[in-house]
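First the structure, in the form of structure tokens, and then the observations on it.
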Amino acid sequence: MTRFDENDAFEAAVPLSRRAMAARPQPYLDDLNPAQRAAVMALDGPVLMLAGAGTGKTKALTARIVHLLDSGKARPNQILAVTFTNKAAREMKDRVARMLGQVEGMPWMGTFHSISVKILRRHAELVGLKSNFTILDTDDQLRLLKQLIVAANIDEKRWPARMLAGLIDNWKNRAWTPAKVPASEAGAYNNRGTELYEQYQHRLRELNATDFGDLLLHVLTIFQAHPDVLAQYQNWLPYILVDEYQDTNVAQYMWLRLLAQAHRNICCVGDDDQSIYGWRGAEVGNILRFEKDFPGAQVIRLEQNYRSTPHILAAASGVIAANAGRLGKTLWTERQEGEKVRLIGHWDGEEEARWIGDEVEGFQRGRGDLRLFGLDDMAILVRASHQMRAFEDRFLTIGLPYRVIGGPRFYERLEIRDAMAYFRLAVSPEDDLAFERVVNQPKRGLGDKAQQEIQREARSHGLSLLEGARGLLARGGIGGKGAGQLRAFVDGIDRWHAITLQRDHDHIRLAEQILDESGYTAMWQADKTPEAPGRLENLKELVKALEQFENLQGFLEHVALIMDNETEEAAEKVTIMTLHAAKGLEFPVVFLPGWEDGLFPSQRSMDESGQRGVEEERRLAYVGITRAEQVCTISFAANRRVYGQWQSQLPSRFIDELPAAHVEVLTPPGLYGGGYGAAGMASSLEAKAMRADVYSSPGWKRMQDRGASRPVSQPREGRHVTIDLQAVSAFTLGCRVFHQKFGYGTVQGIEGDKLDVAFDKAGAKKVVAGFVVPAQQADDIPF
DNA sequence: GTTCCAACATTTTTT
DNA sequence: ATGTTGGAAC
């Protein structure tokens with residue numbers, strides 16, 4: 001973690017010296033194109049940099065920072081540079097450092113959350129917190145909510161805590177404090193949503209804790225309620241830069257607007273076509289209305305692409321063109337060479353994995369006239385993480401080294417979270433959530449009963465759980481084997497806590513001591529399940545990670561905000577990851593498998609968000625294609641096993657949108673000459689004929705022999721039926737409908753453009769009317 | 001208090 | 001198919 005001087009960050013703005021104004025060579029401007037240079041030089045007034053994929057936006061952004069400093073306009077601590085991820089923040093820091101040779105003085109470069117924490121620690125008392133508040137992660141949050149749900153006598157089965165957590169998160173993303181949640185949301189979570197939200201916030205305050213949403217929301221509240229504090233920050237930070245602006249949610253937007261109001265010197269960089277986080281509150285609208293929010297804003301488009309071949313750009317543009325309401329950009333490149341985007345259909349998912357494995361090996365050895373590619377140059381980008389498995393299986397079989405990005409993160413693993421809870425207890429023994437997590441981990445014979453006793457004791461005296469336990473032991477309120485174990489646990493915490501208070505204690509040694517004395521290490525050593533050795537390994541790694549910090553406290557703070565795990569192994573490997581994880585990356589060779597309707601675009605996205613959902617999926621397709629520098633291969637399978645069930649698939653509607661002139665359709669290899677290779681590009685009638693062909697093919701018979709079931713009739717027309725809002729009237733209560741994925745069902749309810757449908761096979765689901773057809777329409781289509 | 005089995009869900013993910 | 005979770009049996 002980059003260390004910075006607290007005082008430096010909060011130092012009042014000092015008039016600039018003249019020395020910086022002196023003429024100096026400005027090499028960082030030299031290798032910019034005209035658009036980039038315009039974005040860098042426009043230092044007065046609001047700027048929106050619309051930067052398409054691969055157009056050098058990070059370069060322009062960092063050059064702008066350097067220019068701000070170099071021209072003497074701003075001192076390093078006067079620039080607020082916000083990103084979404086730690087990775088992006090790190091990259092920006094690195095690049096500024098490379099251009100300038102130092103970043104120590106840039107205390108306000110970081111993620112929305114890390115900057116918010118810095119502000120909130122200073123003004124915590126304004127929102128009823130102490131400045132040493134703890135930051136809860138999703139797990140702690142859920143446990144807290146569960147307690148509230150139980151206390152409120154709600155059936156947790158029908159109203160899961162996850163749902164409430166999601167709801168509260170959504171509200172916080174929209175900057176709604178409990179008091180500001182609009183009446184229209186009153187029905188949420190069985191009519192008790194707002195009430196529980198309020199209780200939750202109350203509990204958090206009692207625990208002197210915040211969740212991630214609070215970090216932003218509290219700062220927002222402070223800014224709104226205390227104009228003097230806001231004015232202070234406005235003066236401190238007259239220059240604002242924002243990366244990935246298309247991903248900001250309403251709370252972040254308000255946060256930014258308040259800070260930018262005074263000086264109006266804000267530069268936002270983003271690409272409306274790459275907004276793929278709508279489902280977690282990102283508002284494309286923020287970028288679309290930038291010019292309205294900041295009148296007189298300059299909009300600068302970066303359109304020259306330095307990454308991909310013309311064919312790849314054309315394919316991506318063709319797909320994204322189908323979206324409505326874009327700001328619009330036309331990517332171009334000076335490059336001439338390059339091959340077309342390749343499209344291939346496969347019989348099933350396994351064949352697809354096999355083929356891609358072969359291709360990867362082919363590229364590695366050098367394929368025809370193409371240059372050799374290393375494994376690091378190749379990536380497989382999937383829509384959903386469960387698609388990764390097929391590739392892992394295949395690559396293991398053929399011994400192809402691969403790396404999966406986006407598995408469960410290190411700090412989210414069970415054993416790491418347990419160990420961290422022990423550390424938390426050692427640092428702050430009053431941390432009740434940590435106490436709860438590990439009192440009985442390893443098993444100490446302290447089950448529900450004993451824990452309830454501790455709770456009661458603590459609550460009745462207004463003490464922490466640890467003190468409650470101590471009190472219970474003192475008055476003999478607990479008996480048997482549990483008592484001795486609890487005594488040892490309490491003593492242990494006291495002992496460890498005492499050590500943390502010593503100056504110059506060895507915190508690494510302490511960590512080892514905690515894990516040993518608590519019996520936690522022993523617990524995993526005794527465990528004979530196959531994953532136990534791995535877990536022990538992880539614990540060792542955790543202790544090693546401590547070396548970079550001065551004490552446990554600093555480490556815990558870091559982990560709460562960072563939560564990532566960048567163990568980069570050197571060996572060459574193919575990368576497998578989701579499309580979401582791939583944003584911001586690039587690879588010479590990209591494979592995009594699984595382009596089948598229902599998988600990509602995802603059925604759920606369409607059912608829940610209708611046309612808006614399809615548009616976001618389409619942006620995801622755009623992100624996918626534009627990751628490729630030289631070779632981009634899109635593929636789909638006619639049959640796929642989904643949750644252990646064979647399903648016949650239709651090529652993605654996005655395949656229909658690919659501009660044929662830039663696509664090379666590869667003949668499907670193998671036995672099954674069903675003609676699926678071009679199905680996605682054929683007219684619907686032809687496609688239907690081809691499907692009929694496939695179902696009568698020997699290949700399909702063979703699949704049936706292997707246990708595949710005959711697919712539900714999936715009318716291709718269904719994919720393109722778009723029923724406008726009035727046409728919801730085509731549906732009545734009780735009418736029969738047909739859905740691509742779930743088959744036949746009966747309409748149970750109608751709300752707006754959503755239908756509540758009881759499907760014969762899949763149970764009750766809510767779907768957008770545009771994505772089901774009246775049953776008789778489906779019956780008309782022969783199969 | 002612990003272990004085992006049936007029911008259940010199952011896009012995407014950062015902080 | 002597979003992993004998680006809650007409740008019943010031990």
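Everything quoted here is computed from the prediction, not taken from an experiment. In what follows, chains carry the letters A, B, and so on, assigned in the order in which the sequence lines appear, proteins first and then strands, with residues in each chain numbered from 1.
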Between the protein and nucleotides 1-6 of chain B, list every N/O to N/O distance that falls short of 3.5 Å.
{"unit_1": "B:dG1", "atom_1": "OP1", "unit_2": "A:G447", "atom_2": "N", "d": "2.2"}
{"unit_1": "B:dT2", "atom_1": "OP2", "unit_2": "A:N440", "atom_2": "ND2", "d": "3.4"}

Sequence-distant partners of A:E457, side chain to side chain contact (heavy atoms under 4.5 Å, CB included), two or more places apart: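 Residues passing side chain to side chain contact (heavy atoms under 4.5 Å, CB included) with A:E457: A:H461, A:L472, A:R475.
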Set of residues satisfying salt bridge (Lys or Arg N to Asp or Glu O under 4.0 Å) with respect to A:E596, sequence neighbours excluded: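 Here the qualifying residues are A:R640.
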Those residues that, when tested against A:E453, pass salt bridge (Lys or Arg N to Asp or Glu O under 4.0 Å) (two or more places apart):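 Per chain and number, A:E453 pairs via salt bridge (Lys or Arg N to Asp or Glu O under 4.0 Å) with A:R456.
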Test of ring centre spacing under 6.0 Å for A:F84 and A:F112: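 Ring-ring flag for A:F84/A:F112: true, centres closer than 6.0 Å.
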In whole angstrom, give the distance that lies between atom [atom1] of [X] and atom [atom2] of [N].
{"X": "A:R280", "N": "B:dT14", "atom1": "CZ", "atom2": "P", "answer": "7 Å"}
{"X": "A:Q603", "N": "B:dT12", "atom1": "CD", "atom2": "C1'", "answer": "15 Å"}
{"X": "A:N173", "N": "B:dT15", "atom1": "CG", "atom2": "P", "answer": "14 Å"}
{"X": "A:Q387", "N": "B:dT12", "atom1": "CD", "atom2": "P", "answer": "9 Å"}
{"X": "A:R162", "N": "B:dC8", "atom1": "CZ", "atom2": "P", "answer": "18 Å"}
{"X": "A:M577", "N": "B:dT12", "atom1": "CE", "atom2": "P", "answer": "15 Å"}
{"X": "A:D214", "N": "B:dT14", "atom1": "CG", "atom2": "P", "answer": "20 Å"}
{"X": "A:F84", "N": "B:dT14", "atom1": "CZ", "atom2": "C1'", "answer": "9 Å"}

Under-4.0 Å side-chain N/O to phosphate OP1/OP2 contact, A:N86 with B:dT14: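 Indeed not, no polar side-chain atom of A:N86 lies that close.
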Contact under 4.0 Å: A:T578 side-chain N or O vs B:dT13 OP1/OP2: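 For B:dT13, OP1 or OP2 has a side-chain N or O of A:T578 closer than 4.0 Å.
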Which residue lies more 5' along DNA chain B, comparing A:T111 with A:S385 via nearest heavy atoms: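 The residue mapped nearer the 5' terminus is A:S385.
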Toward the 5' end of DNA chain B, by each residue's nearest nucleotide, A:I276 or A:T85: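 The 5'-side residue here is A:I276.
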Sugar-phosphate, base or nothing in reach of A:E244, heavy atoms under 4.0 Å: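 Touches nothing.
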Sugar-phosphate only, base, or nothing, as touched by A:K583 at under 4.0 Å among non-hydrogen atoms: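 Counting heavy atoms under 4.0 Å across all strands, no contact is made by A:K583.
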Within 45° cone of A:F654 ring axis and under 6.0 Å: A:R618 NZ or CZ: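 Output no; distance or angle outside limits.
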Span of DNA chain C in contact with chain A (heavy atoms, under 4.0 Å):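 Nucleotide range with atoms under 4.0 Å of chain A: C:dA1 to C:dG6.
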Donor on one side chain, acceptor on other, A:W171 and A:T177, under 3.5 Å: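 Their side chains do not contain a donor-acceptor pair, so the 3.5 Å distance test is not met.
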Other residues, nucleotides, ligands: >12 heavy atoms within 6.0 Å of A:R162 CZ: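 Count not over threshold, so no.
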Aro-ring/base stack A:Y277-B:dT13, d under 5.5 Å, angle under 30°: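 No.
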A:K172 bridged to A:D169 by N-O distance under 4.0 Å: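 Salt bridge: no.
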A:R389 and A:E392 ion-paired at < 4.0 Å: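 So A:R389 does not pair with A:E392 through a salt bridge.
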Non-neighbouring partners of A:Q441 that pass side chain to side chain donor-acceptor pair (under 3.5 Å), sequence neighbours left out: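 Once residues adjacent in sequence are excluded, A:Q441 has no partner under the side chain to side chain donor-acceptor pair (under 3.5 Å) criterion.
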